[in-house]
There are 2 protein chains.
Amino acid sequence: MSEIITQSIQDYLKHIYELNENGNTASTNDLAARLNIAPASVTGMLQKLASVSPALVVYKKHQGVTLTRAGEKAALEVIRHHRLLELYLVKALGYSWDEVHAEADRLEHFISEDFEARVAEALGHPERDPHGELIPTADLTMPMDESCPLASLRTDETATVKRVSDDDPALLRHLLEIGVLPEVKVIIENYSELDGNLTLHVEGQKSKIVLGTAITKRIFVEK
Amino acid sequence: MSEIITQSIQDYLKHIYELNENGNTASTNDLAARLNIAPASVTGMLQKLASVSPALVVYKKHQGVTLTRAGEKAALEVIRHHRLLELYLVKALGYSWDEVHAEADRLEHFISEDFEARVAEALGHPERDPHGELIPTADLTMPMDESCPLASLRTDETATVKRVSDDDPALLRHLLEIGVLPEVKVIIENYSELDGNLTLHVEGQKSKIVLGTAITKRIFVEK
DNA sequence: AATGTATTTTAGGTTAGACTAAATTATTTG
DNA sequence: CAAATAATTTAGTCTAACCTAAAATACATT
Ligand SMILES: [Mn+2]
Ligand SMILES: [Mn+2]
Ligand SMILES: [Mn+2]
Ligand SMILES: [Mn+2]
């Protein structure tokens with residue numbers, strides 16, 4: 001039984017996990033867009049993932065998929081690899097936080113459990129990756145994430161940045177430049193009803209900055 | 001033109017390089033044995049490698065293959081990855097020298113040129129891997145290897161161990177135990193005509209040891 | 001409730017890289 | 001040098017993971 005979980009399957013499961021995180025089922029089209037694979041091919045793979053034993057997803061025609069516990073464990077394994085690798089590349093090999101994603105996205109599929117354990121040890125069993133994303137534990141549970149989008153804050157609210165989306169290097173370079181990094185405090189000076197722009201003061205920075213929703217939806221904070 | 005060099009092709013080229021090292025052409029059967037692939041499948045791949053452009057091997061029916069310059073460069077790229085990775089795993093992550101081969105054999109195909117450069121830098125641009133094997137340079141040339149098999153030495157000769165075969169963990173653990181490591185000096189106390197056994201004194205060790213040809217052919221020394 | 005649009009699935013096909021069985025060619029040995 | 005044996009190649013299949021085009025279904029709007 002217990003089928004081989006290929007690189008391709010790992011990528012499907014990882015993206016299904018991320019789409020499921022907000023309680024949504026993962027739709028064929030969303031997955032196709034994320035994975036850069038034709039929707040028809042995604043349907044084929046989802047049907048396969050649902051019919052292996054143990055099943056990795058629950059599939060109902062036209063209604064997208066959710067992960068089974070087996071699928072979730074496989075997904076968390078890959079995500080743990082990814083995030084540990086990202087942090088290791090930064091800490092040990094001097095990568096900057098906008099460079100790590102692509103490298104980790106490949107290597108995540110090929111490191112051994114031994115390698116994973118040694119890297120975790122070398123890093124002191126960290127909780128978060130360079131972008132503040134939570135690292136699943138060695139026993140494959142995902143810690144609770146208490147954060148909400150910066151975009152949901154309003155004038156005079158105060159919060160601490162916890163994590164940022166890591167898939168756009170240009171955004172990461174910009175955030176580094178304006179000092180919006182994990183664990184940094186921000187104060188909302190103004191919220192614009194018209195465009196959703198936030199004007200905010202960033203701890204340690206002289207001038208205020210204005211950020212649109214394309215950015216503030218990708219920054220997560222705790223109040 | 002310039003075809004994609006897949007993981008599978010990289011493995012073929014690497015093993016062809018190693019078989020070619022002693023001036024021999026790489027035979028279908030030898031490759032099949034090393035790669036754990038049926039001879040018929042190897043023939044198919046060799047014909048393909050000979051017909052891509054630029055050609056990666058020179059193939060003549062029933063006579064095995066040799067690498068073209070393009071094939072050699074691709075092979076050296078993989079071998080450089082492998083040996084840098086092995087040394088990095090030992091130096092940075094605490095692997096022992098009998099544990100690194102399998103991990104490096106997978107990762108060699110998936111690290112970026114950037115990763116390679118950073119690892120080389122972190123290691124101070126080393127010349128040899130943990131087993132004493134020479135690391136191809138960044139511009140893909142293989143340094144001269146001046147060593148010869150320990151098995152070719154005779155009574156009263158003195159030599160320095162330069163490298164050992166890295167593909168048998170049990171042998172590596174044994175060599176570690178008896179102190180036969182790169183840069184260690186040995187003196188041949190006796191050579192047996194009958195079985196080829198060598199009795200030798202190893203620098204830093206109390207008692208003499210006797211090694212059969214299965215071992216002495218896999219240890220390389222300089223006089 | 002009917003129609004148009006968006007989403008998803010089905011059907012049929014391609015490619016890389018493996019396999020086995022059978023045929024061919026090369027090499028060794030009596 | 002002929003027969004046996006070993007090495008290699010050919011021919012035909014298989015599987016995973018993708019593709020496109022067409023069909024089916026679901027959903028949104030009037
Ligand atoms: Mn990936
Ligand atoms: Mn990250
Ligand atoms: Mn390999
Ligand atoms: Mn080695």
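Note on naming: letters A, B, ... go to the chains in the order of the sequence lines (proteins, then strands), and numbering restarts at 1 for each one. Atoms considered below: every heavy atom in the structure, side chains included; atoms not considered: hydrogens, waters and symmetry mates.
Distances shown here put a side-chain N or O of B:Thr6 below 4.0 Å from the OP1 or OP2 atom of C:dG17. A:Gln47 has a side-chain polar atom (N or O) that falls below the 4.0 Å cut-off from OP1 or OP2 of C:dT10. Side-chain nitrogen and oxygen atoms of B:Lys61 include at least one within less than 4.0 Å of the OP1 or OP2 phosphate oxygen of D:dT10. The phosphate of D:dA17 has neither OP1 nor OP2 within less than 4.0 Å of any side-chain N or O from A:Tyr12.
When heavy atoms are screened at a 4.0 angstrom cut-off, A:Thr28 is found touching the sugar-phosphate backbone but no base atom. Within 4.0 Å (heavy atoms only), B:Ser41 reaches at least one base atom of the nucleic acid.
For the pair B:Arg154 and B:Tyr191, the cation-pi criterion (under 6.0 Å, within 45° of the ring axis) is fulfilled. B:Phe220 carries B:Arg163 over the face of its six-membered ring, with the cationic atom under 6.0 Å from the centre and within 45° of the normal.
Listed nucleotides D:dT9, D:dA17, C:dT9 differ in distance to A:Lys48; the shortest reach to its side chain belongs to D:dA17. Considering only side-chain atoms of B:Ala40, the nucleotide from C:dG17, C:dC19, D:dT10 that sits closest is D:dT10. The nucleotide whose nearest atom lies closest to any side-chain atom of A:Ser8 is, among D:dT10, C:dT10, D:dC18, D:dC18. When each of C:dT10, D:dT8, C:dT8 is scored by its nearest atom to the side-chain atoms of A:Ser27, the top-ranked nucleotide is C:dT8. Nearest to the side-chain atoms of A:His62 among the listed nucleotides D:dT25, C:dC19, D:dC18 stands D:dT25.
Taking atom OH of B:Tyr59 as the reference point, atom C1' of D:dA7 lies 12 Å away to the nearest angstrom. The separation between B:Leu46 atom CG and C:dG17 atom P is 13 Å, rounded to whole Å. Look at CG on A:Leu35: it is 12 Å from C1' on D:dA17, rounded to the nearest Å. Rounding to whole angstrom units, NZ of residue B:Lys60 and P of D:dT8 are separated by 16 Å. Taking atom CG of B:Asn29 as the reference point, atom C1' of D:dT5 lies 13 Å away to the nearest angstrom. Here C:dT8 presents its C1' atom at 12 Å from CG of A:Leu31, a figure rounded to the nearest Å. At whole-Å resolution of the value, CE in A:Met45 and C1' in D:dT15 are 12 Å apart. Across the protein-nucleic acid pair, A:Ile9 atom CD1 and D:dT15 atom C1' stand 12 Å apart, rounded to whole Å.
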List the steps and the verdict of side chain to side chain contact (heavy atoms under 4.5 Å, CB included) for A:Met45 and A:Leu35. CA-CA 12 Å; A:Met45 179 61 99; A:Leu35 293 164; over 6 Å; no
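Considering every non-hydrogen atom in both B:Pro130 and B:Val90, the closest pair reads CG-CG2, 3.7 Å.
Using modelled atom types and a 3.5 Å distance limit, the side chains of B:His81 and B:Glu108 yield no donor-acceptor pair.
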